[in-house]
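Everything numeric here is computed off the predicted structure, so don't read it as measured data. For the numbers below, each heavy atom of this structure counts, side chains included, while hydrogens, waters and symmetry mates do not.
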Amino acid sequence: MTEHTRDTRNDQNARKARGTRNARDTERNGNAGRTRGTGGHGSGTHDVVVVGGGAAGLSAALVLGRARRRTLVVDAGEPRNAPSSHMQGYLSRDGMAPAEFLAVGREEIARYGVELVRDRVTDVTRDGDVTRDGDFTVVLGAGRTVRARRLVVATGLQDELPAVPGVAERFGRDVLHCPFCHGWEVRDEPFGVLAAGPASVHQALMVSQWSKDVTLFLHTVAEEELSGQDLRRLAAAGVDVVPGEVAELLVEDDRLTGVRLADGSVHARSVLYVAPRPVPRTGLLERLGAAMDETPFGTYPVVDPTGLTTVPGVWAAGNAIGFAEQVVHAASGGYRAAAAIVGDLLMADLDAAVTG
């Protein structure tokens, strides 16, 4: 028997053993969730309800499930990166399809007895003394009402795209917004950048690292809105600046071929970068009274390093706390939030036991 064959069989046996252990643990954890870690609350109460089943929510659920905490994930099935065929920059997952990534994540949390439902949270209220450990009532769109001791809000955000014909249809393909996500895949192609404001100069300068053929279409931005420093940097980077409103994108054989301006002129481009307006899905946090912070990129909750909001018992993670949270950042944020919640629940349970 070759060394490779022995290693393969050893790996297969190890996977089988892990599968058996996981099955036993899932059954044990499911029972434990009904009898332990409820801190005196009713058996219908979850330790944690995670709102959102993207990278942040699934990561939090994985940690909570492994910590033997009864956890429910409510997922509306609207991931921000759904238009993309692949995600990049996630070590060991580089190039993986977002849908595949989420499917694997759902399989993993199921091993630890975590429940996932495809639904939307329509309302959430806090019961009891808001200054201490208490229950949340969570209402789902299908009519189900559940209770939770802690919440993780990982509802993400929605990208509001410029109203230029062709942009929405091509978004995630050859209309892009993040060079770190897709720049390598389109390197050295003719880039266009659709200005949404003076800050789009920064986007044009950034993408020039992936192509030396970059055109900044000012669109609705007047030339005088650009500073002298902006113009000098654009010139140094070799970025052409074209004034005039963009009327539409040109597509042939399902590929972007150019940009047509309102004056009828056409500029051949195979990639167009845009800057969507991020619209955070923070309605539940606002309803709970979480303090919010106004930023140039949307309104987000004030959180501590673990994602804890100003509402006791409520954590937030992923794009719900910032527009620039990539998948790898979102997963990390979910992990941090879950680890903090595990410790928080433990101390609450111990204090309850001590005081009787």
Side-chain angles (χ1 to χ4, degrees), residues 50-62 73-109 116 118-121 152-162 166-187 189 191 193-194 196 203 206-207 210 249 254 256 271-283 295 297-298 300 307 316-337:
V50 179
V51 187
L58 291 177
S59 179
L62 180 64
V73 178
V74 183
D75 181 28
E78 299 174 349
R80 182 189 183 190
N81 61 356
S84 298
S85 60
H86 53 83
M87 61 183 203
Q88 311 294 160
Y90 194 138
L91 189 63
S92 82
R93 297 294 180 267
D94 189 59
M96 192 175 193
E100 181 185 356
F101 176 81
L102 296 179
V104 171
R106 289 190 287 266
E107 291 175 1
E108 289 179 351
I109 66 171
L116 184 146
R118 183 73 77 201
D119 206 336
R120 187 183 304 276
V121 173
V152 176
V153 178
T155 43
L157 61 79
Q158 180 178 357
D159 289 308
E160 191 174 275
L161 297 167
V167 166
E169 293 81 0
R170 308 300 302 177
F171 189 58
R173 302 166 68 186
D174 37 31
V175 173
L176 310 171
H177 78 289
C178 173
F180 293 102
C181 301
H182 302 289
W184 174 264
E185 286 65 39
V186 295
R187 63 194 183 279
E189 294 189 34
F191 288 0
V193 177
L194 181 67
Q203 187 177 34
M206 287 296 293
V207 304
W210 283 267
L249 305 188
D254 199 29
L256 177 67
V271 175
L272 182 69
Y273 280 93
V274 300
R277 186 176 79 89
V279 182
R281 297 188 179 110
T282 53
T295 80
F297 305 101
Y300 299 93
N319 283 135
I321 68 168
F323 87 103
E325 297 291 293
Q326 306 281 21
V327 178
V328 66
H329 301 139
S332 175
Y335 193 115
R336 285 196 302 272

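Contacts of S332 classified as side-chain contact (heavy atoms from CB on, under 4.5 Å), with partners at least two apart in sequence or in another chain: R336. Under the side chain to side chain donor-acceptor pair (under 3.5 Å) criterion, E189 pairs with S270, sequence neighbours left out.
In terms of modelled atom types and a separation under 3.5 Å, the side chain of H329 and the main chain of Q326 share a donor-acceptor contact. Under a 3.5 Å cut-off, the side chain of R277 and the backbone N or O of A196 do not form any donor-acceptor pair. Distance alone, capped at 3.5 Å, is enough to place a donor-acceptor pair between the E169 side chain and the G166 backbone. A donor-acceptor pair under 3.5 Å is absent between the side-chain atoms of S59 and the main chain of G334, judged by distance alone. A distance-only check finds no donor-acceptor pair linking the side chain of N319 to the backbone of L157 [under 3.5 Å].
Proximity of the aromatic rings of W210 and Y273 is defined here by a centroid distance below 6.0 angstrom, and this criterion is not met. For Y300 and F323, the ring centers are positioned 6.0 Å apart or more.
Of all heavy-atom pairs spanning H86 and G95, the tightest one is CB-O, 3.6 Å. Nearest approach of P98 to N81, heavy atoms of both residues: CB-ND2, 3.6 Å. Considering all non-hydrogen atoms of both residues, A168 and L161 come closest at CA-CD1, 3.7 Å. Residues A330 and A55 come closest through the heavy atom pair CB-CB, 4.1 Å.
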Worksheet entry | Stepwise side chain to side chain contact (heavy atoms under 4.5 Å, CB included) test for V271 and R187 | CA-CA 10 Å; V271 175; R187 63 194 183 279; over 6 Å; no
Item to complete: Using the side chain to side chain contact (heavy atoms under 4.5 Å, CB included) rule, take V193 and V207 through it: C-alpha gap first, then chi angles, then the decisive distance, then the call.
Response: CA-CA 9 Å; V193 177; V207 304; 3.9 Å; yes
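Using a 4.5 Å heavy-atom cutoff, the side chains of P79 and L102 are in contact. Using a 4.5 Å heavy-atom threshold, the side chains of V274 and V175 count as touching. Between M96 and Y90 the shortest side-chain heavy-atom distance does not fall below 4.5 Å. When side chains are defined from C-beta on, L272 does not count as touching D174, because their heavy atoms never get closer than 4.5 Å. In this structure, the side chains of V186 and F191 come closer than 4.5 Å at one or more pairs of heavy atoms. By the 4.5 Å heavy-atom criterion applied to side chains, R173 and S84 are not counted as neighbours. Side-chain contact between L116 and I109 is present, with at least one heavy-atom pair separated by less than 4.5 Å. Side-chain contact check for T155 versus V51: some heavy-atom pair is nearer than 4.5 Å.
Within a 6.0 Å sphere centred on CZ of R106, other residues, nucleotides and ligands contribute more than 12 heavy atoms.
Using a 3.5 Å distance cut-off with no hydrogens or angles, the side chains of D94 and Q88 do pair a donor with an acceptor.
Taking the six-membered ring where the residue is Trp, F171 and H177 present tilted rings, their angle falling between 30° and 60°.
Among residue pairs with one or both ends in residues 73-90, those qualifying as salt bridge (Lys or Arg N to Asp or Glu O under 4.0 Å) are D75-R118, E78-R120, E78-R281, R80-D159; sequence neighbours excluded.
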